[in-house]
Every structure is written in C-alpha cells, then in structure tokens.
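Notes to accompany the following structure.
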Amino acid sequence: MEVQAALGTDLAVVFDECTPFHVDREYTARSTERTHRWLERCLTWHEQHAPNWQLVYGIVQGGVYEDLRTEATEHVASSRVDAIAIGGSLGENKDQMNEVVGWTTARLDRVAPQKPRHLLGIGEIDDLVRGVEQGIDTFDCAMPTRLGRHGMALVPEPAKRWRVDLSQAKWKTSDEPLCDGCPCPACAHGFTRGYLRYLVHANELLAMRLLTQHNLAFVSRVMQRLRQAIIDGRLPDEAAAIRGGILP
Ligand SMILES: [Zn+2]
C-alpha cells in the first residue's frame with residue numbers, strides 16, 4: 001500500500017493471497033479469512049496515509065468454492081473499497097472460470113451494482129468478451145506483451161486462438177499485412193508479415209516492440225468496440241461478431 005501511495009497510482013489494490021488451483025476447501029477458507037484481515041489493514045493504512053484521490057480495489061478470493069466466493073463477495077462489497085477485483089484460482093478451464101466469475105458478478109448485481117469490477121490476470125480475447133458480458137469493467141493481463149516478445153501477433157482468427165506465429169517459415173515471403181485497419185505503427189506503415197518474420201529471426205528488438213504495440217492496439221480495439229456496443233445497447237450482437245472474428 002505504501003509503494004502504491006508513493007507511486008501515486010490512480011488506483012491501489014489491496015494485499016491478498018492468490019490461492020493456487022490445487023488447494024482444498026479448508027486451506028482456501030483460512031486463506032480467504034486472512035485476505036479479509038489484510039483488506040481491513042490495507043484500508044486503515046490507506047485512510048491514514050494515501051492520497052485521498054487514490055481509489056482502492058478490494059479483492060474477492062474464495063477459490064472454486066461457491067459458498068466461499070459468495071461470502072468473500074459480500075465481505076469485500078460491504079467494506080470501504082471503491083471497487084471490486086476478482087482474483088485467485090478461477091478453476092481448471094474456461095467453463096469453470098465463467099462459472100466462478102458468475103458467482104461473484106451475480107452477487108455483486110445485488111449488493112454493489114454501482115461499484116466497478118476488475119477481473120485480475122485475465123485477458124485472452126474470448127475471455128474479455130465473456131467477462132464483459134458478465135459485467136466486468138476492466139482487466140489486466142501479460143498476454144499481449146508476452147506474445148509480442150515471442151514473435152506472436154494477435155489477429156482476428158478465433159479458430160487459431162487469435163494469434164499468428166511470425167517465426168514460422170510460411171511467412172518468409174509473405175507480403176500480407178498483420179491486420180487490416182489496425183492503427184498500430186507496424187500495420188499503419190504497411191509492414192508485411194515477411195518483414196516482421198525477418199525481424200523476429202534476426203532477434204531484432206524492433207520485432208518485439210512492433211508486435212507488442214500491435215497486440216496492445218488489437219486488445220484496445222476489441223475493448224473499444226465492446227464499450228461502444230454497451231452504449232448502443234447491442235452488446236450481444238457485437239460479442240457474437242467478435243467471436244466470429246469480425247473486426248473492422
Ligand atoms: Zn497492428
């Protein structure tokens with residue numbers, strides 16, 4: 001909390017234990033209680049020392065146990081936090097993640113409908129779409145930058161997990177752009193997949209920079225579209241279009 005106050009971040013996130021997937025209910029229950037004690041200590045410190053404009057996010061834990069998640073949601077929502085983050089083990093696959101996140105968002109609809117909601121550490125394209133449908137406002141994830149550092153670019157191809165591996169030989173002589181209509185420097189300057197592959201193979205830092213910028217621009221465009229769709233009241237259509245790989 002002290003570091004976040006010193007950095008002057010717009011929002012501070014409380015201290016918690018992010019429980020791993022393979023822990024039992026008893027461990028998760030004890031851990032969640034500890035996280036709640038830390039929440040109180042973090043809030044007290046924040047009230048006494050942090051800049052008064054800095055917002056505080058509480059974190060809902062509780063692993064994959066519905067009663068613990070529900071209890072944690074009510075506990076965090078009724079505390080003095082400005083917003084709610086959902087963290088910890090969300091299960092072993094996407095279906096279970098949706099279910100676990102759904103327990104919290106359903107409860108938040110009743111007990112704290114106005115507080116912003118953040119889903120911690122999630123950011124694959126299909127997860128962003130599903131999360132927004134579940135009422136999540138913000139996300140954070142290392143995926144776009146990590147992929148960029150490994151020669152991978154995000155593209156509107158759901159069947160290929162939204163990514164293309166530019167280190168592959170098949171791009172060697174490709175004059176295809178990464179992604180039509182993308183405003184990132186690589187796409188805006190018309191850099192080809194063949195040239196980007198060359199940079200990746202030469203271990204040029206420029207490759208990592210360009211692909212990172214592209215991936216962030218891609219995620220940003222997806223989120224922009226989802227925001228606009230919410231404003232226009234056509235989120236289901238837009239979500240279906242993005243899932244189908246349609247990006248303008
Ligand atoms: Zn681009």
Side-chain angles (χ1 to χ4, degrees), residues 9-11 94 97-98 101 116-248:
T9 55
D10 295 322
L11 56 95
K94 287 175 188 267
M97 177 177 86
N98 293 331
V101 171
R117 303 168 190 180
H118 182 91
L119 186 51
L120 284 162
I122 300 296
E124 293 203 7
I125 302 301
D126 53 334
D127 297 335
L128 295 176
V129 175
R130 186 78 188 102
V132 169
E133 285 177 319
Q134 287 180 299
I136 302 293
D137 298 296
T138 52
F139 305 82
D140 67 286
C141 190
M143 181 274 290
T145 50
R146 187 191 298 130
L147 286 184
R149 290 196 304 277
H150 289 89
M152 312 271 264
L154 291 172
V155 291
E157 291 185 53
K160 294 178 183 166
R161 293 187 66 206
W162 303 86
R163 60 189 69 170
V164 59
D165 182 355
L166 288 160
S167 67
Q168 287 178 344
K170 67 172 177 178
W171 305 117
K172 196 167 181 178
T173 57
S174 169
D175 55 9
E176 217 183 303
L178 262 188
C179 187
D180 282 327
C182 173
C184 87
C187 296
H189 288 98
F191 291 175
T192 64
R193 293 186 179 195
Y195 176 58
L196 292 164
R197 177 189 179 275
Y198 158 74
L199 291 179
V200 168
H201 269 259
N203 288 322
E204 271 288 351
L205 283 179
L206 182 61
M208 298 182 186
R209 290 183 71 119
L210 289 173
L211 294 177
T212 298
Q213 288 174 321
H214 167 80
N215 290 347
L216 292 172
F218 189 93
V219 171
S220 177
R221 278 203 301 160
V222 168
M223 294 307 293
Q224 235 162 25
R225 283 185 50 174
L226 292 169
R227 278 196 298 278
Q228 192 58 48
I230 291 170
I231 293 166
D232 299 342
R234 47 175 186 79
L235 181 61
D237 291 346
E238 193 68 16
I242 294 173
R243 282 199 183 95
I246 302 167
L247 271 181

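Counting starts at 1 for both ligands and their atoms, following the listed order. These values consider heavy atoms only, across backbone and side chains, with no hydrogens, waters or symmetry-generated copies.
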Ala153 versus Leu211, closest heavy-atom pair with distance: CB-CD2, 4.0 Å
Please report the closest heavy-atom contact between Met223 and Asp137, naming both atoms and the distance. CE-O, 4.4 Å
Heavy-atom side-chain contact between [X] and [Y] under 4.5 Å:
X	Y	result
Arg193	Val155	yes
Asp127	Arg130	no
Glu176	Trp171	yes

Does atom CZ (Arg234) have a neighbourhood of more than 12 heavy atoms from anything else shown, all under 6.0 Å? yes
Under 2.8 Å from the Zn ion (ligand 1), protein N/O/S atom count?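 Count of protein N, O, S atoms less than 2.8 Å from the Zn ion (ligand 1): 4.
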